[in-house]
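What follows is a single structure, written as structure tokens, with notes after it.
Position 1 is the first residue of the sequence, and the numbers go up from there.
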Amino acid sequence: MQLFVLNTTTPLGNFCMLMDEHNVVHASGFGTPLKLKDRLGKAYKDVRVVPYIGIHEYTRSLEKYFAGEKDALKNIKKQQSGSVLQRKVWLQIEKIKWGKTESYKFMASRVGYPRAMRAVGSACGANALVLLVPCHRVLRTDGGPGGYAFGVQLKRRLLEMERGGA
């Protein structure tokens with residue numbers, strides 16, 4: 001299998017998306033394409049990553065997102081595999097509106113496991129579709145940031161940007 005990498009410079013650093021020949025994104029995030037490929041896990045270890053040549057509509061979607069367009073990423077096709085609980089968490093995360101946040105505890109209740117805050121946190125950490133599944137919008141009950149695969153400082157900057165502060 002081969003995945004194409006879209007590299008984009010954003011106000012918060014280099015952002016990549018790894019997509020297949022059908023424009024389905026399998027991973028996205030800040031940093032390098034190889035770092036993203038590693039996040040996909042063993043099932044993708046033999047995947048070849050090659051640069052996408054040309055201008056792609058998804059790059060424009062990212063530009064619009066960082067310019068403040070709330071729904072700019074909605075039309076990006078995406079796919080990731082995970083456990084039943086992870087998929088439930090990711091679906092609930094996608095319902096969190098731009099500029100809003102929810103707690104790990106609230107998300108645990110939404111997926112039917114009110115005491116599974118750590119499992120929700122683990123699902124956020126396993127999310128390979130950063131920004132497309134906006135796990136940065138999930139916080140601790142006390143409002144603290146909790147963790148983030150690309151660093152808590154970046155999580156804070158994303159939230160600040162979405163609240164209109166950047």
[X] to [Y] - nearest heavy-atom pair and separation:
X	Y	answer
L18	P33	CD1-O, 4.0 Å
C16	V5	CB-CG2, 4.0 Å
C124	Y104	SG-CE2, 4.1 Å
F30	F150	O-CE2, 2.8 Å
F15	S28	CZ-CB, 3.7 Å
A128	H26	CB-O, 3.9 Å

Using modelled atom types and a 3.5 Å cut-off, is there a donor and acceptor pairing between side-chain atoms of [X] and backbone atoms of [Y]?
X	Y	answer
Q86	S83	yes
D20	Q2	no
H56	Y58	yes
W90	A123	yes

For this session: Evaluate the criterion side-chain contact (heavy atoms from CB on, under 4.5 Å) for residue pair L158 and L131; output intermediate values, then yes/no.
Result: CA-CA 9 Å; L158 284 165; L131 293 186; 3.7 Å; yes
About how many Å separate [atom2] of [Y] and [atom1] of [X], when rounded to the nearest 0.5 Å?
X	Y	atom1	atom2	answer
L12	M161	CG	CE	6.5 Å
R137	W98	CZ	CH2	7.0 Å
L139	E102	CG	CD	9.0 Å
T59	M17	OG1	CE	5.5 Å
L132	L73	CG	CG	6.0 Å
N127	Y148	CG	OH	8.0 Å

Problem set entry | Pairs where residues 141-155 contributes a residue and the test salt bridge (charged side-chain N to carboxylate O under 4.0 Å, His left out) is met, not counting sequence neighbours | R140-D142
Problem set entry | All pairs passing salt bridge (charged side-chain N to carboxylate O under 4.0 Å, His left out) where residues 74-101 contributes a residue, at least two apart |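 Only K78-E94 qualify under salt bridge (charged side-chain N to carboxylate O under 4.0 Å, His left out).
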Exercise. What pairs with D38 under side chain to side chain donor-acceptor pair (under 3.5 Å), at least two apart in sequence or on another chain?
Worked result: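 In terms of side chain to side chain donor-acceptor pair (under 3.5 Å), with neighbours along the sequence ignored, D38 is linked to no residue.
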Could you go through residues 61-71 and list every donor-acceptor pair under 3.5 Å that involves a side-chain atom there, pairing it with any protein atom two or more places apart or in another chain?
unit_1	atom_1	unit_2	atom_2	d
S61	OG	E57	O	3.2
E63	OE1	R60	NH1	3.2
Y65	OH	E162	OE2	2.6

If you group Ile, Leu, Val, Met, Phe, Trp and Tyr by side-chain heavy-atom gaps below 4.5 Å, do [X] and [Y] land in one group?
X	Y	answer
M1	Y52	yes
V47	L129	yes
V50	Y44	yes

Problem set entry | Partner set under side chain to side chain contact (heavy atoms under 4.5 Å, CB included) for S103, not counting sequence neighbours |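 Here the qualifying residues are K105, F106, T141.
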If you look only at distance, which donor and acceptor atoms sit under 3.5 Å apart when one is on a side chain in residues 112-121 and the other is two or more places apart or in another chain?
none

For this session: Could you go through the side-chain contact (heavy atoms from CB on, under 4.5 Å) check for V25 and Q79 one step at a time?
Result: CA-CA 6 Å; V25 177; Q79 176 183 320; over 6 Å; no
For this session: Run the numbers on M19 and L6 for side-chain contact (heavy atoms from CB on, under 4.5 Å), then give the verdict.
Result: CA-CA 8 Å; M19 65 180 187; L6 288 176; 4.1 Å; yes
Exercise. Given the rule in the side-chain contact (heavy atoms from CB on, under 4.5 Å) test, do I96 and V138 qualify, once you have shown the distances and angles that lead to the verdict?
Worked result: CA-CA 9 Å; I96 304 171; V138 183; 3.9 Å; yes
Exercise. Among T32, T8, N7, whose side-chain hydrogen bond (donor to acceptor under 3.5 Å, both in side chains) with N14 holds?
Worked result: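 Testing N14 for a side-chain hydrogen bond (donor to acceptor under 3.5 Å, both in side chains) against T32, T8, N7 leaves exactly one candidate, N7.
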